[in-house]
Asker: 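My questions will all concern the structure given below.
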Amino acid sequence: MTHIWLRAEQRPNEDRTGLTPEGAKALIDRGFRLTVEESRSRIIPIDGYRAAGAEIATEASWPDAPRDAIVFGLKELPEDGTPLVHRHIMFGHAFKGQPAGQVLLERFRKGGGTLYDLEYLLNEDGRRVAAFGYWAGFAGAAVSLKCWLAQQAGTICGPVASYPNKTALLDDLRAGLAGHTPPSAIVIGALGRVGSGASDLCTEMGMSVTKWDMAETAHGGPFPQIAEHDIFLNAILAMPGTPVFVPASMADGPRNLSVIGDIACDPTSDFSPIKVYDRTTGWDAPALRVRDTPPLDVTAIDNLPSLLPLESSQDYAAQLLPSLLTLDAIDRGVWGRAKDIYDQHMGELA
């Protein structure tokens, strides 16, 4: 019997989950064994999983799970250097040259475990089977707007926190915009899930939105039009061949641009298209000021959908469930392809 172990997220400000009680019941009805850890932060209470028939385990007890269990979570594991002996389903952020990712892969090599990276669960056409993209875009645009509003008050954006639902977020932003002419924004990657979420937030706020995608960026740059907007929202995943959208020279030249929302949020990647910052930002300090006169702030939070944990969890879990239901054939299909990608990168590990 295939055993899935849903771990509690151990990262601060991470309230999401990749499995709902409805999904838990579907897995159990299909014959899977399911263990769900208790969690102080998961947006969905443990009672729903218990009612679905899941076994309940203590929070953060996954290191002691049976060796054949498949440990399923979303974000990073504690960076304690311990060897990883299990098969893990998670966002590893390890396949684009990220320094922390190389450390993670070394932990898998030492422990003999395997990483099935959620970002690389691909169908036969090479498209991701599940993504938080829409809500990342929606929330990333919201935080970027908060950064712009803080600039209008002569300050820098303060801490952000999750909202109970989308309506509460929109009401908060509308209150902040009262008395201001909405800023202009340009979204690159506007036709994808991330970009559509960012564009929708801007539209909800009455902002003027320029929507670019591959056709507008195919010439490879430069892109002076970005500097003509108040806010730039990057929804393009950093990959080989991605053009540079914001070189350092843009930050130092004439510009209206005052906020960059790097929703794709991969500043340590060799392929990052934004060359004015080198580290992510967080919930306590969402904006990084990279130029003072005039101000230019970058916001790059790498768990943006947690700003709206309920909607993003429900959406993502529904997308992922059909693949979870095939975990009893982990060597084939979407899981087999993910293992091939993992093996390739392990072979390249120094």
Side-chain angles (χ1 to χ4, degrees), residues 1-11 14 16-19 23-24 27-28 30-39 54-123 126 128-130 266 268-270 302-303 320-321 323-350:
M1 178 184 294
T2 302
H3 185 185
I4 302 172
W5 187 288
L6 181 67
R7 61 177 171 86
E9 299 297 327
Q10 293 172 260
R11 173 178 173 163
E14 186 52 80
R16 292 174 296 167
T17 181
L19 183 69
L27 287 167
I28 293 166
R30 187 68 67 90
F32 289 88
R33 179 184 176 190
L34 178 64
T35 299
V36 178
E37 289 185 0
E38 296 173 322
S39 172
E55 302 171 38
I56 308 302
T58 304
E59 183 169 354
S61 59
W62 61 266
D64 298 322
R67 289 286 289 268
D68 64 349
I70 302 169
V71 180
F72 174 32
L74 295 179
K75 299 301 286 185
E76 299 92 334
L77 301 171
E79 295 181 354
D80 57 13
T82 55
L84 297 171
V85 303
H86 295 94
R87 293 169 291 178
H88 281 261
I89 301 170
M90 58 181 280
F91 287 104
H93 304 293
F95 296 158
K96 299 177 191 170
Q98 302 99 320
Q102 302 310 293
V103 174
L104 176 68
L105 293 180
E106 183 61 33
R107 293 173 66 189
F108 275 107
R109 181 158 67 180
K110 288 179 178 178
T114 304
L115 170 63
Y116 294 87
D117 196 308
L118 288 164
E119 187 176 334
Y120 294 88
L121 296 186
L122 309 175
N123 63 20
R128 291 173 64 176
V129 300
D266 217 352
T268 62
S269 169
D270 297 337
D302 63 5
N303 63 335
L320 186 62
L321 181 59
S323 296
L324 292 177
L325 288 166
T326 68
L327 272 172
D328 53 353
I330 198 169
D331 294 330
R332 302 195 296 272
V334 64
W335 304 106
R337 287 187 286 273
K339 176 65 159 51
D340 289 343
I341 294 170
Y342 168 77
D343 288 340
Q344 173 192 335
H345 287 275
M346 288 298 285
E348 299 169 354
L349 191 63

Asker: Working to the nearest 0.5 Å, report the span between CG of Asp117 and CD1 of Ile341.
Answerer: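 Answer for the CG-CD1 pair, Asp117 versus Ile341, is 8.5 Å.
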Asker: Is there side-chain contact between Met346 and Arg109, with heavy atoms separated by less than 4.5 Å?
Answerer: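 When only atoms from C-beta onward are counted, Arg109 and Met346 do touch, with a gap below 4.5 Å.
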Asker: Any side-chain heavy atom of Val36 within less than 4.5 Å of one from Phe72?
Answerer: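 The answer is no; the side chains never approach within 4.5 Å.
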Asker: Return the minimal non-hydrogen interatomic distance between Trp5 and Ala65, and the atom names on each side.
Answerer: CE3-CB, 3.5 Å
Asker: Assess the residue pair Lys75 and Leu118 against the criterion (side-chain contact (heavy atoms from CB on, under 4.5 Å)); give the C-alpha distance rounded to whole Å, side-chain angles, the decisive distance to 0.1 Å, and a yes or no.
Answerer: CA-CA 10 Å; Lys75 299 301 286 185; Leu118 288 164; over 6 Å; no
Asker: Who are the side chain to side chain contact (heavy atoms under 4.5 Å, CB included) partners of Thr114, not counting sequence neighbours?
Answerer: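 For Thr114 the side chain to side chain contact (heavy atoms under 4.5 Å, CB included) partners, ignoring immediate neighbours, are Arg87, Tyr116, Lys339, Tyr342.
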Asker: Is there side-chain contact between Asn123 and Val334, with at least one heavy-atom pair below 4.5 Å?
Answerer: no
Asker: Of all the heavy-atom pairs spanning His86 and Ala69, show the shortest one and how long it is.
Answerer: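 So the minimum-distance heavy-atom pair works out to CD2-O, 3.8 Å.
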Asker: With rounding to the nearest 0.5 angstrom, report the CG to OG1 distance, Leu324 to Thr2.
Answerer: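 If I round to the nearest 0.5 Å, the distance is 11.5 Å.
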Asker: Mind listing the closest non-hydrogen atom pair of Leu121 and Ala338 along with its distance?
Answerer: CD2-CB, 3.7 Å
Asker: Enter the distance from Gln344:CD to Leu349:CG here, rounded to the nearest 0.5 Å.
Answerer: 12.5 Å
Asker: Once salt bridge (charged side-chain N to carboxylate O under 4.0 Å, His left out) is applied, do any residues pair with Arg30, and if so which ones, sequence neighbours excluded?
Answerer: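 Result, salt bridge (charged side-chain N to carboxylate O under 4.0 Å, His left out) vs Arg30: none returned.
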Asker: Under the 3.5 angstrom rule, does the side chain of Glu37 hit a backbone N or O of Trp62 as a donor-acceptor pair?
Answerer: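 Yes, the answer is positive, given that a donor and an acceptor are paired below the 3.5 Å cut-off.
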Asker: Would you name the heavy atoms of Ser269 and Lys96 that are closest together and state the gap between them?
Answerer: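 In this case the closest contact between Ser269 and Lys96 is OG-O, 3.9 Å.
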Asker: Distance check, rounded to the nearest 0.5 Å: Ile4 atom CD1 versus Thr35 atom OG1?
Answerer: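 OG1 of Thr35 is found 10.0 Å from CD1 of Ile4.
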Asker: Taking the side chain as every heavy atom from C-beta outward, state whether Leu327 and Ile89 have any atom pair closer than 4.5 Å.
Answerer: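 Answer yes - side chains close enough.
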Asker: State which residues pass side chain to side chain contact (heavy atoms under 4.5 Å, CB included) with Glu76; sequence neighbours excluded, sorted by chain then number.
Answerer: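 So Glu76 forms a side chain to side chain contact (heavy atoms under 4.5 Å, CB included) with Arg11, His93, Asp302.
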Asker: Quick one: does Thr326's side chain get under 4.5 Å of Arg332's, heavy atoms only?
Answerer: no
Asker: Please check if the side chain of His3 supplies one atom and the backbone of Arg67 the other of a donor-acceptor pair under 3.5 Å.
Answerer: no
Asker: Just verifying a value: how many Å separate Arg33 CZ and Asp68 CG, rounded to the nearest 0.5 Å?
Answerer: 8.0 Å
Asker: Identify the two heavy atoms, one from Gln10 and one from Pro78, that lie closest to each other, and give their separation to 0.1 Å.
Answerer: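 Gln10 and Pro78 have their closest heavy atoms at NE2-CG, 3.4 Å.
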Asker: Can you name the side chain to side chain contact (heavy atoms under 4.5 Å, CB included) partners of Ala130, sequence neighbours left out?
Answerer: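 Result, side chain to side chain contact (heavy atoms under 4.5 Å, CB included) vs Ala130: Tyr316, Gln319, Leu320.
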Asker: Please enumerate all residues that pass ring pair (Phe, Tyr, Trp, His ring centres under 6.0 Å) together with Phe32, with sequence neighbours excluded.
Answerer: none
Asker: Any side-chain to backbone donor/acceptor pair from Glu9 onto Leu74? Under 3.5 Å, distance only.
Answerer: yes
Asker: Might you point out which heavy atoms bring Gln102 and Ala94 nearest each other, and give the distance in Å?
Answerer: NE2-O, 3.2 Å
Asker: Using the side-chain contact (heavy atoms from CB on, under 4.5 Å) rule, take Leu104 and Leu84 through it: C-alpha gap first, then chi angles, then the decisive distance, then the call.
Answerer: CA-CA 9 Å; Leu104 176 68; Leu84 297 171; 3.7 Å; yes
Asker: Among residues at least two apart in sequence or on other chains, which ones pass ring pair (Phe, Tyr, Trp, His ring centres under 6.0 Å) with His345?
Answerer: Phe95
Asker: What distance do Asn303 atom CG and Arg16 atom CZ have between them, rounded to the nearest 0.5 Å?
Answerer: 6.0 Å
